[in-house]
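Chain letters run A, B, ... following the sequence lines, proteins first, then strands; residues in each count from 1. Everything numeric here is computed off the predicted structure, so don't read it as measured data.
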Amino acid sequence: MNSRFPVMSDYPFKEIERKWQQFWESSKTFRTPVEVDTSKPKFYVLDMFPYPSGVGLHVGHPLGYIATDILARYKRARGYNVLHPMGFDAFGLPAEQFAVEHGVHPRITTEKNIDTMMNQLKSIGLSYDWDRQFSTTDVDYYRWTQWIFLKLYNSYYDQDETSARPIQHLIDQLTESDPDWSSKSDAEKEAVLSDHRLAYIADVPVNWCPALGTVLANEEVTHEGRSERGNHPVYKRALRQWMLRITAYADRLDKDLEDVDWPEPIKLMQRNWVGRSQGAYIDFSIPDSDEKIRVFTTRPDTLFGATYMVLAPEHPLVDVLTTDENRDVVNRYRTESERRTEIDRMTESKQKTGVPTGGFVINPAHSESIPVWIADYVLMGYGTGAIMAVPGQDERDWEFAEVFDLPIIRTVQPPNDFAGKAFLGEGRVINSGFLDGLEIDEAKKAAIAWLEETGSGEGTTIYKLRDWLFSRQRYWGEPFPILYGPDGSIRTVPETDLPVELPEMDDFRPAVSDDPDAPPRPPLSRAPESWRYVELDGVRYERELNTMPQWAGSCWYYLRFIDNKNADQLVAPEKEAYWMSPSGIDLYIGGVEHAVLHLLYARFWHKVLMDLGHVSTKEPFGKLFNQGYILAPVYRDERGLAVEATDVVDQDGHPAVEVQDQPNRLFTCNGQPVSQEYGKMGKSLKNAVSPDEINDEYGCDTLRLYEMYMGPLDASKPWSTRDIIGVNRFLRRVWRNFVGEDGSLLISTDAPSDELERALHKTIQRVTDDYERMSFNTAIAALIEFMPLLVALNTIPRTVAEVFILLLAPLAPHVSEELWSKLGHEESLAYEPWPTADERFLVEDTVTIAVQVNGRVRASIQISPSATEADVVAIAKSNENVARFLDGKEIKREIYVPGRIVNLVVGE
RNA sequence: GCCGGGGUGGCGGAAUGGUAGACGCAACGGACUUAAAAUCCGUUGGGCCCAACGGCCCGUGCGGGUUCGAGUCCCGCCCUCGGUACCA
């Protein structure tokens, strides 16, 4: 510190931050003991754990982590037992793909990336209990992921109890109630059980990418029907895959959202995803056949208007209905739609297509026959894959009817001025026999009653949610604890033999092919025989060769943090009960991108675990909060491609980062004109800013403060490196006013002035309220506003100084710890009790209130808070400017809101 | 298309139905300095009146409404960012 600039304004943040990070680590300041004093209240605050990528963090990543850290520190000071852990979601495609491309084992890259990321997290002073850190790829962890899978496999959903139960219970029931059960073969029994298990194998259409040798999730397929990675063709293909019966929980996944404190938009997204829909099944009989075709409709009231039926091209009864004359055209249509990807089928603004089967079904309402068509606007995956088409009340059906000239009957009377086509509004039922004259809701009920009476249908509720495709043909995932016998029968790996470790392999690439029909050969099919084959009770079994999807590990990690070292149990019940009750995690922060899948999958597993008695709450995440994105300017060249933001300058040669928000800037990159817009910060838009740069120049206390000061936590807001200086000035000012140039403390034992004491207590109250409601930007503003009072003093009274440091500590812990220790404290301030505002200092002697005349402010007056309304109004009226506006007018009304405002309403 | 979030100074933002623009950035002026940096003090939504003190008018995307009083509540639009997409 002997540069040519004298050390006056700069505080030694690098030394301070290094010192305290080392101190916290070596003294395990933030370790949450395995056994805590359970008489104290608890606060479990969790971040959605990250995928350890190789490129490191940008300043957008830690936004949520800083927020949870502030709350963790605040709650510790308030006397809570705080559980604040961090881990890594490390299985998955990127590591595997990197491994394939560079020939490095994914475990090596993963470990290296985790290491890098932990260092980055530690360098911003996050107060995690690192003793609880783990990765989903740790054998000790995925052993329990496999264990949960066994529970899923060995359970079924009891519709009567609306709860999962051990499969043995179902077997007992069947043995008792079904006289044929005991005479069935094992395979026959298993076929029945498989229809009930929560984990089961089924032939399902999947996104199969032969070039990558794996199935892909829908999100991994582009709109052109190609793989996001590598742009290879993807085909819809039926493959035998593991599925999880999440649909059994559809109702509870929908209903239990009522009980959680989540942002409404997120709840809504989950509800939409579950897609609960009330209506009826209606059976249409086929003439001269015993077969019936069942449709689902939300509008049973419109049955009389069903003028034709449409089946999905894949519907199993298409063959039965198709006449010989139509067979060719039907088959051609089916082949065509099969070839098109589902995404193509859903492309909008496309004219409806379809072909008649030549077959007919009977409309049960009036026993007349209606033609049956197939069309790809009907999806096999929803409802029954068949609809009754009611063009009069459905836009899609109307459109189809227009194209193919099919009859249209209105069954709801539209208003006289209605000029549209299909009518979806309210009205009275017409053309519908016994339903005529009813309102739609009544007609629905009446129609369902009639269907049930006549045996031609029933009321029902269906869901859009589909079962969860749970296998991947990849190496870098959890192996299934499943074995296949020589006859193909399934046997589970005994719990005592868990974990099933991933075998060491040199070549973990999936088998790839150009042939769309090539069978999937997952990497594990090339695992050593010693791994692939297992002998149990004298029988040689082959292991399941698929692995679990990346979501698996993140479905329950929050439970393992509670008891991460437990070798005998997933989590000890009494610890789970303490940390999870009464309503799960107290605060869960993460990005909206996980609004649906992760949160839905985790809720599903949690409910299964609850049903089976392993956890005590019905929901895992009591309170959820989504942090906003950090945006940054994106510069695009004339081709629309993003260019490195750091290479962009304006017409005067200023770097773009300094003038991004100035008007009339013409930006160029290497001489080429570029346009500016705002986009989510990240590598792909080439606008990432590394936290390391900020740490280096200003320190991480400044980084933390700036990220919180930018705006509300849940809002997306643009990063502006230029603005950082504001909060940095504040911290330097704090330092300068506490520590003299010679390093001495500018602290006195004087009693604070009354004015200072009042301001201090007001600040305590503001900051405390703001922490409670996660309004960190205004908490910082309150602290900044308090500073000038200290600047005015030569020395700061110790009592004031200590409180101020404690208020600042959650936001800027390093500089606060340093000042705290300079004040002579030997312990960390992490567990110092939180300051409380003293009511005596919060009451004001005088308050300033506004005086309005007819709602317009005309004066401010000083009054005593205890002044009576009459006094206040009198003072208000006597004000010169107010009097001017009252002059010669009649006062009609006098409104006084104590401490706020006087409004005098006058006539003309 | 449907569903949801959001539009407040040059910029980020603040405001339990009660004085719109706290706090910060930028800009401008001043103090200190040989000078610069840093620091400190002040001004800063727009328009108008005043020598000054001070005062008036307009202003929270647009148009209506409720209210003594609306950035905030209600109705109808526009723009923007997300989610979703033939879900019967």
Exercise for review: Counting Watson-Crick and G-U wobble pairs only, both distances under 3.5 Å, name the nucleotide matched with G6(B), or none.
Suggested key: C79(B)
Practice item. Looking only at side-chain atoms of Phe296(A), point me to the closest of G13(B), C58(B), A88(B). Key: A88(B)
Check your understanding: Within the structure, does a side-chain N or O atom of Arg736(A) lie under 4.0 Å from either OP1 or OP2 of A38(B)?
Key -> no
Review point. Would you say the base of C86(B) and the side-chain of Lys352(A) have a donor-acceptor pair closer than 3.5 Å?
Key: yes
Check your understanding: Which listed nucleotide (C3(B), C23(B), C25(B)) is nearest to the side chain of Leu268(A)?
Key -> C3(B)
Check your understanding: Among the nucleotides C23(B), A88(B), U19(B), which one has an atom lying closest to any side-chain atom of Asp394(A)?
Key -> A88(B)
Check your understanding: Picking from G10(B), C86(B), A15(B), which would you name as closest to the side chain of Asp376(A)?
Key -> C86(B)
Check your understanding: With a non-hydrogen cut-off below 4.0 angstrom, is Lys464(A) in contact with a base, only sugar-phosphate, or nothing?
Key -> base
Practice item. Could you tell me whether Asn777(A) contacts a base, only the sugar-phosphate backbone, or nothing, with contacts defined as non-hydrogen atoms closer than 4.0 Å? Key: sugar-phosphate
Check your understanding: Is Asp723(A) side chain donor-acceptor paired with the C25(B) base, going by distance under 3.5 Å alone?
Key -> no
**Study point:** Flag for Tyr635(A)-Gln676(A): side-chain donor and acceptor within less than 3.5 Å
**Key:** yes
Review point. Base, sugar-phosphate, or nothing: which does Ile780(A) touch, judged by heavy atoms less than 4.0 Å apart?
Key: nothing
Exercise for review: Please work out if Arg271(A) contacts a base, only the sugar-phosphate, or nothing of the nucleic acid, heavy-atom cut-off 4.0 Å.
Suggested key: nothing
Check your understanding: To the nearest angstrom, how far is Glu593(A) atom CD from G5(B) atom P?
Key -> 19 Å
Check your understanding: With Arg299(A), which of Asp301(A), Thr297(A), Thr302(A) fulfils side-chain hydrogen bond (donor to acceptor under 3.5 Å, both in side chains)?
Key -> Asp301(A)
Exercise for review: Look at the side chain of Tyr382(A) and decide which nucleotide, out of A20(B), C56(B), A88(B), has an atom nearest to it.
Suggested key: A88(B)
Review point. Where the side chain of Arg893(A) is concerned, which of C68(B), U39(B), G13(B) is the nearest nucleotide?
Key: C68(B)
Check your understanding: Base, sugar-phosphate alone, or nothing: which one does Ile895(A) contact when heavy atoms must sit under 4.0 Å apart?
Key -> base
Point to revise | Closest to the Arg884(A) side chain, choosing from U39(B), G18(B), C56(B) | key: C56(B)
Review point. OP1 or OP2 of A26(B) sitting under 4.0 Å from any side-chain N/O of Arg722(A)?
Key: no
Exercise for review: For G30(B), measure the glycosidic angle (O4'-C1'-N9-C4 for a purine, O4'-C1'-N1-C2 for a pyrimidine) and name it syn if it falls within 90° of 0, otherwise anti.
Suggested key: anti
Exercise for review: Report which part of the nucleic acid Gln852(A) touches: base, sugar-phosphate, or nothing (heavy-atom distance under 4.0 Å, all strands).
Suggested key: base
Practice item. Using the C1' atom as the reference point in each nucleotide, state the distance between G65(B) and C48(B) in Å, no decimals. Key: 31 Å
Point to revise | Interatomic distance, Lys762(A) NZ vs C23(B) P [rounded to whole Å] | key: 12 Å
Practice item. Evaluate whether atom CD of Gln862(A) has more than 12 neighbouring non-hydrogen atoms of other residues, nucleotides or ligands under 6.0 angstrom away. Key: yes
**Study point:** Pairwise distance CG(Leu904(A)) to CD1(Ile895(A)) - rounded to 0.5 angstrom
**Key:** 8.5 Å
Practice item. Scan Arg766(A) against the nucleic acid and name what it touches under 4.0 Å (heavy atoms): base, sugar-phosphate only, or nothing. Key: nothing
Study note, to complete from the structure: Of Thr297(A) and Val902(A), the one whose closest nucleotide on RNA chain B sits nearer the 5' end is Val902(A)
Check your understanding: Are OP1 or OP2 of C23(B) and a side-chain N or O of Arg729(A) less than 4.0 angstrom apart?
Key -> no
Check your understanding: Counting side-chain heavy atoms from CB outward, which of A22(B), A88(B), A26(B) is closest to Ala781(A)?
Key -> A22(B)
Point to revise | Between CZ on residue Arg758(A) and OG1 on residue Thr763(A), distance to nearest 0.5 Å | key: 13.0 Å
Check your understanding: A88(B) phosphate, OP1 or OP2: any side-chain N/O from Ser277(A) under 4.0 angstrom?
Key -> yes
Exercise for review: Evaluate the side-chain hydrogen bond (donor to acceptor under 3.5 Å, both in side chains) criterion for residues Tyr11(A) and Asn728(A): first the C-alpha distance (whole Å), next the side-chain angles of each, then the deciding distance (0.1 Å), finally the verdict.
Suggested key: CA-CA 10 Å; Tyr11(A) 82 98; Asn728(A) 184 248; 5.3 Å; no
Check your understanding: What is the pairing partner of A70(B), taking Watson-Crick or G-U wobble pairs with both distances under 3.5 Å in any strand?
Key -> none
Practice item. Name the nucleic acid region contacted by Ser720(A), choosing base, sugar-phosphate or nothing; use a 4.0 angstrom heavy-atom cut-off, strictly under. Key: nothing
Check your understanding: To the nearest 0.5 Å, how far apart are CG in Leu705(A) and CD1 in Ile724(A)?
Key -> 11.0 Å
Practice item. Output the single nucleotide from G18(B), C25(B), G13(B) whose closest atom is nearest the side chain of Arg900(A). Key: G18(B)
Review point. In whole Å, what is the span from the CG atom of Asn626(A) to the C1' atom of G83(B)?
Key: 12 Å
Practice item. Measure from the side chain of Ala850(A), starting at C-beta and using heavy atoms only, and say which of U39(B), U19(B), C68(B) lies closest. Key: U19(B)
**Study point:** Validation row, ring centre Tyr706(A) to ring centre Tyr698(A) under 6.0 Å
**Key:** no
Exercise for review: Would you mind reading off the distance between Glu741(A) atom CD and U39(B) atom P, rounded to a whole angstrom?
Suggested key: 14 Å
Study note, to complete from the structure: Any strand, both distances under 3.5 Å, Watson-Crick or G-U wobble: U19(B) pairs with none
Exercise for review: With heavy atoms under 4.0 Å as the rule, sort Pro263(A) into base, sugar-phosphate or nothing.
Suggested key: nothing
Check your understanding: Side-chain N or O of Arg294(A) less than 4.0 angstrom from OP1 or OP2 on A88(B)?
Key -> no
Point to revise | Between C1' of C23(B) and CE of Met708(A), the distance in whole Å | key: 16 Å
Check your understanding: Do the side-chain N or O atoms of Arg733(A) get closer than 4.0 angstrom to the phosphate oxygens (OP1, OP2) of C40(B)?
Key -> yes
Check your understanding: Which part of the nucleic acid does Phe400(A) contact within heavy-atom distance under 4.0 Å: base, sugar-phosphate only, or nothing?
Key -> nothing
Point to revise | G30(B) versus A35(B) - spacing of their P atoms, nearest Å | key: 14 Å
Check your understanding: Taking atom P of G69(B) as reference, at what distance in whole Å does atom CD of Glu894(A) sit?
Key -> 16 Å
Practice item. Name the residue closer to the 5' end of RNA chain B, choosing between Ala715(A) and Gly383(A) according to the nucleotide with the nearest heavy atom. Key: Ala715(A)
Practice item. Tell me the partner of U84(B), counting only Watson-Crick (N1-N3 plus N6-O4 or O6-N4) or G-U wobble (N1-O2 and O6-N3) with both under 3.5 Å; none if nothing fits. Key: G1(B)
Practice item. Have a look at Asn881(A) and say if it touches a base, only the backbone sugar-phosphate, or nothing, with a 4.0 Å heavy-atom cut-off. Key: sugar-phosphate
**Study point:** Gap separating the CD1 atom of Ile725(A) from the OG atom of Ser720(A), nearest 0.5 angstrom
**Key:** 11.5 Å
Review point. Roughly how many Å is it from CD in Glu785(A) to C1' in A15(B), rounded to a whole number?
Key: 13 Å
Review point. Just checking, Arg276(A) and Tyr463(A): is the charged tip under 6.0 Å from the six-membered ring centre and within 45° of the axis?
Key: no
Point to revise | Atom-pair distance (CD on Glu707(A); C1' on G12(B)), nearest Å | key: 14 Å
Check your understanding: If we call it a pair only when both distances are under 3.5 Å in a Watson-Crick or G-U wobble match, what pairs with A37(B)?
Key -> none
